[in-house]
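Report on the structure given below.
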Protein chains: 2
Amino acid sequence: MISIIAIDLRNPKPIYEQIKDNIKQLIITGALKPDEKLPSVRELAQTTSINPNTIQKAYRDLESDGFIYTVSGRGNFVAPSPKNVDSKRLEELYDILRAAVGELSYLGAAQSNIIEIVQNTISRSRPQGGNKT
Amino acid sequence: MISIIAIDLRNPKPIYEQIKDNIKQLIITGALKPDEKLPSVRELAQTTSINPNTIQKAYRDLESDGFIYTVSGRGNFVAPSPKNVDSKRLEELYDILRAAVGELSYLGAAQSNIIEIVQNTISRSRPQGGNKT
DNA sequence: GTAAGTGTACTATTATTACTAGTACACCTA
DNA sequence: TAGGTGTACTAGTAATAATAGTACACTTAC
């Protein structure tokens with residue numbers, strides 16, 4: 001069960017985005033296993049003191065992004081494997097990657113540092129599908 | 001002079017953010033040289049059909065981030081070199097990097113692809129400072 | 001000195017969105 | 001049947017992006 005949802009109300013990033021990022025991270029790193037049950041909307045709303053509607057919005061987004069699946073009346077569960085990956089999302093991520101790396105490099109971050117972080121992150125993730133471009 | 005400011009009004013990202021990202025990109029890649037003059041607030045507002053206040057906000061942010069400097073009565077210019085780099089910004093960028101790489105890997109992007117893009121981006125940027133962590 | 005172009009600082013208004021609040025209903029399981 | 005689950009809906013509030021318009025100080029060119 002999740003207990004590591006950290007929400008910073010002072011963060012300008014919307015709460016539902018923070019929840020999405022948190023859960024995505026847990027799934028990507030494998031902290032949440034496939035088919036594992038997520039906290040219910042109401043439960044997570046209580047433990048975080050966030051309105052249930054906000055939690056629901058995060059869950060809805062996560063489902064449409066393929067990270068979780070929903071069974072009405074039972075709950076939300078971690079999706080076993082990313083399928084039907086949206087190519088637009090991949091392009092978005094590559095764009096984000098380029099922008100972050102470019103600015104880091106421009107600001108003086110060492111290439112070796114950047115590469116190391118990238119490799120560590122990859123090795124810690126839970127790759128599943130084939131080799132998309 | 002800039003003529004490559006692409007603004008997508010259907011993009012949910014705020015217009016001033018799009019302008020910031022555009023100009024950052026031009027500076028990072030070296031398309032805009034140090035001390036080169038940027039279009040005036042009013043000029044860019046005309047060519048893009050965006051309200052001058054929105055342009056001004058983008059310029060103000062870029063200046064406080066150290067990408068450009070302003071001379072009252074003369075205009076805005078590309079900052080020669082990033083100094084006094086905000087360590088919080090570096091941490092932000094590393095976090096963004098980790099999140100993007102993690103999700104890419106999870107979605108099935110090949111490690112070789114990711115690394116290649118990172119290296120290409122670094123080699124195309126305009127590094128200046130020392131080696132910040 | 002004057003005029004034109006520059007950044008900057010205001011106030012006011014509108015539109016959008018995140019968030020909260022509350023309710024209702026259908027579904028599943030013990 | 002009872003309790004927990006997801007879902008849908010309406011309504012209202014708060015924050016922010018964006019527009020609109022004005023004003024002023026500064027710099028440069030004439």
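Residue numbers start from 1 in every chain, and the chains themselves are labelled A, B, ... in the order their sequence lines are given, proteins ahead of strands. Since the structure is predicted, the reported quantities are computational estimates derived from the model, not experimental observations.
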Inset, instruction - Would you mind telling me which residue lines up with the more 5' stretch of DNA chain C, R74(A) or T54(A), judged by nearest nucleotide? - result: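 Closest to the 5' end, via its nearest nucleotide, is T54(A).
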
Looking at [X], does any N or O in its side chain come under 4.0 Å of the phosphate oxygens OP1/OP2 on [N]?
X	N	result
Y16(B)	dA18(D)	no
N76(B)	dT6(C)	no
S40(B)	dT6(C)	yes

Inset, instruction - Between dT7(D), dA17(D), dT20(C), spot the one nearest the side chain of E63(A), thanks. - result: dT7(D)

Rounded to whole Å, how long is the line connecting atom [atom1] of [X] with atom [atom2] of [N]?
X	N	atom1	atom2	value
R60(A)	dA8(D)	CZ	C1'	9 Å
I15(A)	dT13(D)	CD1	P	19 Å
L44(A)	dT5(D)	CG	C1'	14 Å
K13(B)	dA18(D)	NZ	P	12 Å
Y59(B)	dT8(C)	OH	P	11 Å
Q56(B)	dA20(D)	CD	C1'	14 Å
I50(B)	dT19(D)	CD1	C1'	10 Å
N53(B)	dT8(C)	CG	P	12 Å

Legend entry - Carboxylate-amine/guanidinium contact D8(B) R10(B), below 4.0 Å: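 Between R10(B) and D8(B) there is a salt bridge, with a charged N closer than 4.0 Å to a carboxylate O.
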
Legend entry - Note: K88(B)-E91(B) ion pair, threshold 4.0 Å (strictly below): no

Inset, instruction - Determine whether the side chains of Y69(B) and D35(B) contain a donor N or O and an acceptor N or O closer than 3.5 Å. - result: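 Side chains of Y69(B) and D35(B): pair found under 3.5 Å.
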
Legend entry - Closest-nucleotide 5' rank along DNA chain D - winner of K57(B) and G73(B): K57(B)

Inset, instruction - Side-chain contact test, heavy atoms from C-beta onward, threshold under 4.5 Å: evaluate it for K20(A) versus K57(A) and give yes or no. - result: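 When only atoms from C-beta onward are counted, K57(A) and K20(A) do not touch, as no gap falls below 4.5 Å.
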
Inset, instruction - Check whether the side chain of R42(B) and the base of dG7(C) form a donor-acceptor pair under 3.5 Å. - result: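 Side chain to base: pair found, below 3.5 Å.
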
Legend entry - E36(B) side chain vs K33(B) backbone, donor-acceptor pair below 3.5 Å: yes

